[in-house]
Amino acid sequence: MQCSWKSVVLLALASIAIQYTAIRTFSTKPLSLLCSVGLAPTGHAVNCSLRDLSRLGQETLEASDQGCEEIPSPTPSSPSVSLPPFNASKRTHILILATTRSGSSFVGQLFNQHPEVFYLFEPLYHVQLALLPRLAQRNLAERRVMLGAARDLLRSLYHCHLNSLENYIRPRPANHSTDKLFRRGASRSLCTPPVCEAPLGREGQTLVLADEGECVRRCGPLNVSLAADVCRAKRHAAIKTVRIPQISDLRALIEDPRLNLKVVQLVRDPRGILASRIETFRDTYRLWRLWRATGRRPHNLDLGQINTVCEDFLRSVSAGLAKPAWLRGRYILLRYEDLARFPLQKARELYSFLGLDMDHSVEDWIINNTRGSSDLSSRQKFTTVRDSAANAENWRVKLSFDMVVYTQTACQPLLELLGYKTVFHPRELRNLSHSLVEDRTFLPFF
Ligand SMILES: *[C@@H]1O[C@H](CO)[C@@H](O)[C@H](O)[C@H]1NC(C)=O
Ligand SMILES: *[C@@H]1O[C@H](CO)[C@@H](O)[C@H](O)[C@H]1NC(C)=O
Ligand SMILES: *[C@@H]1O[C@H](CO)[C@@H](O)[C@H](O)[C@H]1NC(C)=O
Ligand SMILES: *[C@@H]1O[C@H](CO)[C@@H](O)[C@H](O)[C@H]1NC(C)=O
C-alpha cells in the first residue's frame, strides 16, 4: 500500500508532537507551537525554518549516559552575591555548537570559569531524553519536532526561564526543586552560592567543591527558582550543546534581535573525533574497535557515524565561510587543535569576538589545565585536556592506517576546508614531528 509509510511517519510524529504539546501547553501560543513542531501552514509570516534533524547520532545519548566527558577543575566558592536587576540590553548569549568528543567541555570551561557568565552544560539532553527516549526511533519528522523543541528551550533558557527545563526533567520536579539536572556539577553557577550554600567546614569556611560529584553530594537538590535568579543576575549566559547538528538549525535564534546570540562553532579533525569516540563510546563504536583489533574492516560497520560528523561540519562551516548577512558578527569558527596549541591566545580571541572582558579566573584556569601536568590521577581520564597540544593529535597513534585512510577519504572535502592534511603512508601518520594541521586563520566577519 503506497501510503503506509506515510501513516507510520504521521503516527510517530503525532505521538511525539502530543508529548511536546503536553509539555508546552502551559505557555505556548497555538501558532508558535505548530511552528515548533513543523505543522504551521506554509507561507505564514512566522519563521519556522525547520529542517532535517537526521543528525542526532546515538552517541549523543550514550555520551550523556556515561557522563564521561570531563571532571571540571576545583570551583572556588565565592561569597554570597546580592542580585542586581536583570539588564537585558547588555547581555550576550553564547552558544557553543559542537559534537561529541570535539573538545566542547574544554571550550565550555572558558566561559564556565568567568564569574559574570551563567553557564549550562548540555541542557538539551533532557529534551532528547523526554522526546526521543528510544534510540531506534530516528525518523526525520520526530527529529524536526525535537529540534523545534530544542530551539524553544534554548530561547527560554537564555531568558533565564529555567522552569521551561523542568518540563523535560524526569521525574518532573516538585516545588521547583530537583536533583536530576543532568551534569549540574559542570556548571559553576549551580554549585556556588547563592544556589549552593555548601555546609560549613570546621573553620567555618564554605567548602570548596572539588568536582562535579561533590557538588551534587553537598549542595542538595537544585532550587530552580534560585538558579533562575542567579541567571538573571549574571551579565551573560553560555550554553554548550552537541545536540544541534548544523548552524542553519539556529538561524531563527540568531536572527532574533532580542536574543543577541553569538555562536562559537567548534570543529576538530574527524580522525581525532573518531579515535576519541572509539575509546569513549565502547558499545556504539564496537565495530571500529574490532577493526582496529583484527586489522579487517567489519562488513557491517556503521559508516554513518563518521559521515554524519563530516557532513554536518561541512555544511555549517561552508555556511559560515560564505559570510551570509544573518551570521554577520554572530559566528566564529574554532579548530580544537588551535585551541589546544594556543589556549590563551585563542581564548582571548574568543572573548574579543564576543565583546566580553576576559576575567583573570579564566586565564588562571587555562594555565592550570593546559600545562603538561604531572599530577594526573586516574579519575581524570575524561578531563579537559592537560598537555592539550599533545592530546589533540594523539589519534595518530591510536587509529590504524587503514582506518585513517578510510576516514579521510570519506571526509576529504571537509579536511581541505579546515586545513587538515591527509596522510599517504603509515610513516607519515606516525611521525608526530610533522603536524597534520595546516596554519589557517578563520576570522569572524562583521
Ligand atoms: C511542595 O511544597 C508544598 C507546600 O510548601 C508541600 O506541602 C509539599 O509537600 C511539597 N512537595 C514536595 C514533593 O516536596
Ligand atoms: C528557592 O528559592 C526561592 C528564591 O528564589 C525561595 O523563595 C524558595 O523558598 C526556595 N525554595 C526552597 C525549597 O528552598
Ligand atoms: C590553579 O592551581 C592552583 C594550585 O593548584 C590553585 O590554588 C588555584 O586555585 C587554581 N586556579 C584555578 C582558577 O583553577
Ligand atoms: C619526520 O618528519 C620530519 C619533519 O617533516 C622529518 O624531518 C623527518 O625526517 C621525519 N622522520 C621520519 C622518520 O620520517
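Keep in mind that the numbers below use all heavy atoms, side chains included, and drop hydrogens, waters and symmetry copies. Each ligand, and each atom within it, is numbered from 1 in the order the structure gives. Note that the structure is predicted; figures quoted are calculated from it, not measured.
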**Q.** Pair Arg297 + Asp402: basic N to acidic O under 4.0 Å
**A.** no

**Q.** Charged N-O contact under 4.0 Å between Glu337 and Arg335
**A.** no

**Q.** Contact partition for Leu226 relative to ligand 2, non-hydrogen atoms under 4.0 Å
**A.** both

Q: State the atoms of ligand 2, each with its element, that fall below the 4.0 Å cut-off from a heavy-atom position in Asp229.
A: 4 (C), 5 (O)

Q | Arg172 and Asn167: side chain donor to acceptor below 3.5 Å | A | yes

Q.
If you compare the SG positions of Cys191 and Cys196, is the separation below 2.5 angstrom?
A. no

Q: List the steps and the verdict of side chain to side chain donor-acceptor pair (under 3.5 Å) for Thr241 and Glu122.
A: CA-CA 5 Å; Thr241 183; Glu122 220 57 59; 3.3 Å; yes

Q | Those protein residues which place at least one heavy atom below 4.0 Å from ligand 4 | A | Asn431, Ser433, His434

Q.
To check you understand the geometry: which heavy-atom pair defines the closest contact between Arg430 and Phe401, and what is its length?
A. NH2-N, 4.0 Å

Q: Please identify each residue that fulfils side-chain hydrogen bond (donor to acceptor under 3.5 Å, both in side chains) with Glu428, with sequence neighbours left out.
A: none

